[in-house]
2 protein chains.
Amino acid sequence: MSERVVPEDSRQRRRPTKQGAVLSEQLIVETALRLVAQHGADALSVRRLGAALGADPSALYRYFRNTDALLLAIADELIGRAQDGWRATGDWRTDLRSMGLRIHAIYVAHPQAAVLGAYRTTGRPHETRAVERILGILRSAGFPDALAVRIYHAFVDQALAFAAQDAAAKALPPAAREGDEQVWQSVYGRLSPDTHPNIAATFPLLAADMRDSGYPFALDLTLGAAAALLSQEAPRA
Amino acid sequence: MSERVVPEDSRQRRRPTKQGAVLSEQLIVETALRLVAQHGADALSVRRLGAALGADPSALYRYFRNTDALLLAIADELIGRAQDGWRATGDWRTDLRSMGLRIHAIYVAHPQAAVLGAYRTTGRPHETRAVERILGILRSAGFPDALAVRIYHAFVDQALAFAAQDAAAKALPPAAREGDEQVWQSVYGRLSPDTHPNIAATFPLLAADMRDSGYPFALDLTLGAAAALLSQEAPRA
DNA sequence: GTTTACACGTCAATGGTGTTGACGTAAGGT
DNA sequence: ACCTTACGTCAACACCATTGACGTGTAAAC
């Protein structure tokens, strides 16, 4: 067996499957995303994907070395979609903020797929384009390279980590998700001020705040701290 | 079958397994954590856990309804361990920092338990204790309640999100993990300065920085921003 | 001390998973 | 029109979580 995967570029012989489908990397990725969107992350198996494509499951191995390679392709597709139509304004803080919120939004919009790929390094074109852009924003804002890199790292990991977390919560089976939300009322709402004074004192605020994602505020904190570092570097722009 | 799980409290008949082990909820959780610690991410399966305990795999279903219940029990144990021995110094920034790093560290040390448990709200005692403590640190530092709650939210979600992300990366099958690390050399190291000037210019810094978790720096940025907000609130302490 | 009930460990089976080697056919280059 | 070989298919392997049936050892009841 060894090398059964042919790079997408140099593919010439596309033979229709028994059921008439003509396979391609793109078609497989799109079908996988659709499968996940409709039937949840658990629905993504080689066998089911093969069935959805109208092909033998093992045909996928002509396009991806293994399921991990397929996963990376899916993850990269999401990164690409997050950037589609994004435009720089020239103000670094505005640009980073919109980029972060976009990444977060697209992952949360595809919860099941996000859970699978949010913590991977794909090295694929969409990903490298995003890295290049974010680094560019920071460097042209005046951050020296060493600092730009550290902030890039914190920024990207923060965006992906929150995205994955919020996506995961959204992708939970309905029963489990409702259970987790109930806990705020049934447990935290009933803790005694004697044993848990701080929770009791802030409970209404807490219950309200925890309903939404903590990301936007966390992002603003990070950007604020970065701005402070920048003004230390170049006290006068 | 239906209800084969008996609550741990009301258990009376403990029959030794063929290999002489006497099972208990506690023993199973501890063995699972040991299995993960010693043999890595892939080692945690019902079959292998059964083998490690010296029992038939299906015996576990007398103690946990399914593997998800088992993993939640493990996650709860982790929250407890993260706080074991933690002491407040009285300096809010130091205390939050050590709490965040502890949470992160304990989750990363037990990757797949973290992946499944980091985005759940359990409402169990270990969890409420942690919430109470963190809120207490912020409120006694002088943050007004509304702000304390928002910062609490950002802080906790960030700690858990990064923890889950780094844990997930660590829980990857060795092949995939090495692949992801290799990508920095094989892809990002070879991008042309023409198409990717910012990556090319900072590559050595980038490759070095991305090897470690972005959390400690992200945490410091967040705490720095919080400190700035505090000094706005109470310009003079 | 003996009997009895049933908790719980074991066995076997089900239906799922990713992955691979062998094989034949049809597509493309010549 | 012929060859080569890419690629879709088939069958098999080894693993996974989960469950119903079964019998035995334990602990309570007498």
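Chain letters run A, B, ... following the sequence lines, proteins first, then strands; residues in each count from 1.
Residues A:Glu30 and A:Arg34 are not paired through a salt bridge, judged by the lack of any N-O separation under 4.0 Å between the basic side chain and the carboxylate. A salt bridge is defined here as a Lys NZ or Arg NE, NH1 or NH2 lying under 4.0 Å from an Asp or Glu carboxylate O, and B:Asp56 with B:Lys18 fails to meet this definition.
The shortest distance between the side-chain N/O atoms of A:Thr67 and the OP1/OP2 oxygens of C:dT19 is below 4.0 Å. Side-chain nitrogen and oxygen atoms of A:Tyr61 include none within less than 4.0 Å of the OP1 or OP2 phosphate oxygen of D:dC7. The shortest distance between the side-chain N/O atoms of B:Lys18 and the OP1/OP2 oxygens of C:dC11 is below 4.0 Å. For B:Arg48, no side-chain nitrogen or oxygen approaches OP1 or OP2 of D:dC15 to under 4.0 Å. Regarding contacts with the backbone of C:dT17, a side-chain N or O of A:Ser45 is found under 4.0 angstrom from either OP1 or OP2. At least one side-chain nitrogen or oxygen of A:Tyr63 sits closer than 4.0 Å to the OP1 or OP2 atom of D:dG8. For B:Thr17 and C:dG9, the shortest distance from a side-chain N or O to OP1 or OP2 is not below 4.0 Å.
Note: CD (A:Glu25) to P (D:dC7) measures 12 Å, nearest angstrom. Spacing between atom CZ of B:Arg62 and atom P of D:dT18 amounts to 15 Å, rounded to whole angstrom units. As rounded to whole Å, 16 Å separates atom C1' of C:dG18 from atom CZ of A:Phe64. The nearest whole Å value for the distance from the CZ atom in B:Arg15 to the P atom in D:dT26 is 8 Å. Look at CG on B:Leu60: it is 11 Å from C1' on D:dA17, rounded to the nearest Å. In this structure, A:Leu49 places its CG atom 17 Å from P of C:dG16, rounding to the nearest Å. Spacing between atom CZ of B:Arg47 and atom C1' of C:dT17 amounts to 12 Å, rounded to whole angstrom units. Between the P atom of C:dG16 and the CG atom of A:Asp42 lies a distance of 14 Å, rounded to the nearest Å.
The side chain of B:Asn66 has D:dT18 as its nearest neighbour among D:dT9, C:dT10, D:dT18. Side chain of A:Asp56, nearest nucleotide from D:dT24, D:dT9, D:dT18: D:dT9.
In this structure, B:Asp68 and B:Pro16 both approach DNA chain D, and ranking their closest nucleotides by distance from the 5' end singles out B:Asp68. Summary of the strand contacts: A:Pro57 and B:Val46 both lie near DNA chain D, and taking for each the nucleotide with the nearest heavy atom, the more 5' one is attributed to A:Pro57.
With 3.5 Å as the limit, one finds a donor-acceptor pair spanning the side chains of B:Gln158 and B:Thr222. Side chains of A:His126 and A:Asp76: a donor on one and an acceptor on the other come within 3.5 Å.
Among the atoms of the strands shown, only primed sugar atoms or phosphate atoms (P, OP1, OP2) are found under 4.0 Å from some heavy atom of A:Ala55.
For the ring pair (Phe, Tyr, Trp, His ring centres under 6.0 Å) condition, no pair includes a residue of residues 45-76 of chain A, sequence neighbours left out.
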